[in-house]
Structures are given as C-alpha cells and as structure tokens.
Amino acid sequence: MTLLRPSRRLILGSALATALPALARAACGPDLLGTARVLPVRTTGALRVGRKSYPATLPLAPGEVVLTFDDGPHPGTTESILDALARECAKATFFMIGRQAEAHPALARRVLAAGHTVGHHSNTHPMTLAQLPQATAEADIEAGFRAVDTALYGSYAGRPRTPFFRFPGFGDSAALNQGLAARDIGIFGADLWASDWNEMAPDQQLGLVMRRLAQSRGGILLFHDTRPQTAAMLPACLRAMKAAGYRIVHIVPA
C-alpha cells in the first residue's frame, strides 16, 4: 500500500472538508432546512462568545443560526429532538450535563452518532458555579468533562475531546474563565434564547423564538432538550426557519 505524503494528506483532507457539506446538502434536498455550512471554532486565546454574556459572538452572517441544546441527555425529549433535527438534516450542539450523560450513556452516544457536536455543561448544573467556592466549582466542571467523555468514548484523557463549555445559568467568574482559557477550552453563551425554562404552549414558544430571531437576525440560539414543550415545538420551528430563509451553521472544534 502506498502511503500519502503529508502534504498530499493535508490537501485531500481539505478537499473532503469542503466537499462533504455540499454532498450532505445534496442528499437532504432543497425542501429541507439542512445545514448550510460547518464552522470550525478555534478555542485558543480565551474564546468567549454569545452576546447575552460577552462582547463578541461567532463569525456568523446575517440569517445564520447555531442551534444549541442544554441540560440533556433526557429520555423522552432528547430522542424527539434528534428525530426532528434528522428529518430536516439540521445539525446542532448539545451541551450535556455530566450526571445526565452518565445516567443515559446510550442516549448520549446517539447524539454523537447522529453527527451533532457534544459540548459540556458542568456535572451537576449548580446555579451558579460562580457562587460556589473556587475549588468546588472547578471540581464540578472537571467531573462533567470526565462523565461526558467517558459516556461518549469510554475514557477521559484529562481534557475534553470537544473543548466547548457553557456555564449553567451563564454564571461565570473571572477566575473560572481564566482557568478554562488556560486549558484552551472555549466558553459559549448565547445570542438569543427560547426562554423554555418558562412554562408555555408550544405555539407560544414558536412565536417567541421567531420574533427574537427576526430581531437578532440569527445567532447562537439556546434551547433545552429536557423540555417537552421544546420537543413538541421544534418540528414547526425548523420549518418556519426554512420558510423565513434562515441558514443553519454547525460548529465543530477546529
């Protein structure tokens, strides 16, 4: 067998990275929302994005949306959300709680196997980590990394394979931010959210999300895959986003 020279491997890898999103769009068909592009995100240099918490966000064009889901995996709702995303060929990022992934490893692996990105959301979801003693907060974050990676890959190497983290309740602190930055772990806030921690009918939530998307012109959108109202609303939301011309961007580690 002839081995590719390193330079040729790099060229081939770059070509595949360019070609695969186009192939995926072709397979999905023009009537579905789909995934418009894949955005590799480099987490070095103290990455903090999401204008609800930080000055900057991801390099998104007007009308581009990054779908994110927090707090899972959760039996009964996460499966419905995965099915809705699959029907529309849309990719998302799931910020998982460590103890949830530990309790439901098969469901966590299903999220990964469907091609979605899996980030981290602490181990026990304290509200908030910034209010805990520094050592306690850091231990909870680390336990979450370990639990999620072990559920997904069977082991933990001391740093999460996907270095994406979102603070529960967006409750960060300068010291915790610095500790994550020192490990090249990116911090993700949101540009808009569904407010699905509040009880509301699915159609009310749909109207709220679409109004906020129109106001923000896209961005990092936060849902919770633990919420039955979100699971019920999502199919109509994805279709409404398609009709309104929004484009889904799938973030992955660079």
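Computed from a predicted model, the values in this text were never measured in an experiment.
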Is any side-chain heavy atom of Ile187 less than 4.5 Å from a side-chain heavy atom of Phe167? yes

Can you name the residues that form a side-chain contact (heavy atoms from CB on, under 4.5 Å) with Pro105, not counting sequence neighbours? Arg109, Ala151

Nearest heavy-atom pair of Thr230 and Ile81: which atoms, and what distance? CG2-CD1, 4.4 Å

Side chain proximity check, Met96 to His74, heavy atoms < 4.5 angstrom: no

Please tell me whether His121 and Asp71 have a donor and an acceptor in their side chains that are separated by less than 3.5 angstrom. yes

So among Asp191, Ile248, Val209, which one has a side chain to side chain contact (heavy atoms under 4.5 Å, CB included) with Leu221? Val209

How close do Phe69 and Ala92 get, heavy atom to heavy atom, and via which atoms? CE1-CB, 3.7 Å

With Gln100, which residues qualify under side chain to side chain donor-acceptor pair (under 3.5 Å), at least two apart? none

Starting from the C-alpha separation in whole Å, work towards a yes-or-no answer on side chain to side chain contact (heavy atoms under 4.5 Å, CB included) for Phe145 and Arg183. CA-CA 12 Å; Phe145 292 154; Arg183 300 173 67 184; 3.9 Å; yes

The single option from Val49, Asp172, Leu47 that satisfies side chain to side chain contact (heavy atoms under 4.5 Å, CB included) with Tyr54 is Asp172

Any chance the side chains of Thr68 and Arg166 put a donor and an acceptor closer than 3.5 Å? yes

Heavy-atom count check: over 12 atoms from other residues, nucleotides or ligands less than 6.0 Å from Arg110 CZ? yes

Just by modelled atom types, is the Val252 backbone N or O under 3.5 Å from a matching donor or acceptor in the Thr162 side chain? no

Looking at side-chain heavy atoms only, is the closest gap between Phe170 and Lys52 below 4.5 Å? no

So, the side chain of Tyr246 versus the backbone of Ala214: is there a donor-acceptor pair under 3.5 Å, distance only? yes

Within-4.5 Å side-chain heavy-atom neighbours: Ser173 and Leu129: no

Please check this pair: side chain of His116 against backbone of Val111, looking for a donor-acceptor N/O pair closer than 3.5 Å. no

Can any side-chain N or O of Asp196 pair as donor or acceptor with the backbone N or O of Gln229 at less than 3.5 Å? no

List the atom of Asn123, the atom of Ala147, and the distance in Å for their closest heavy-atom pair. OD1-CB, 3.9 Å

Is it true that Ser216 and Arg51 share a donor-acceptor pair across their side chains at a distance under 3.5 Å? no

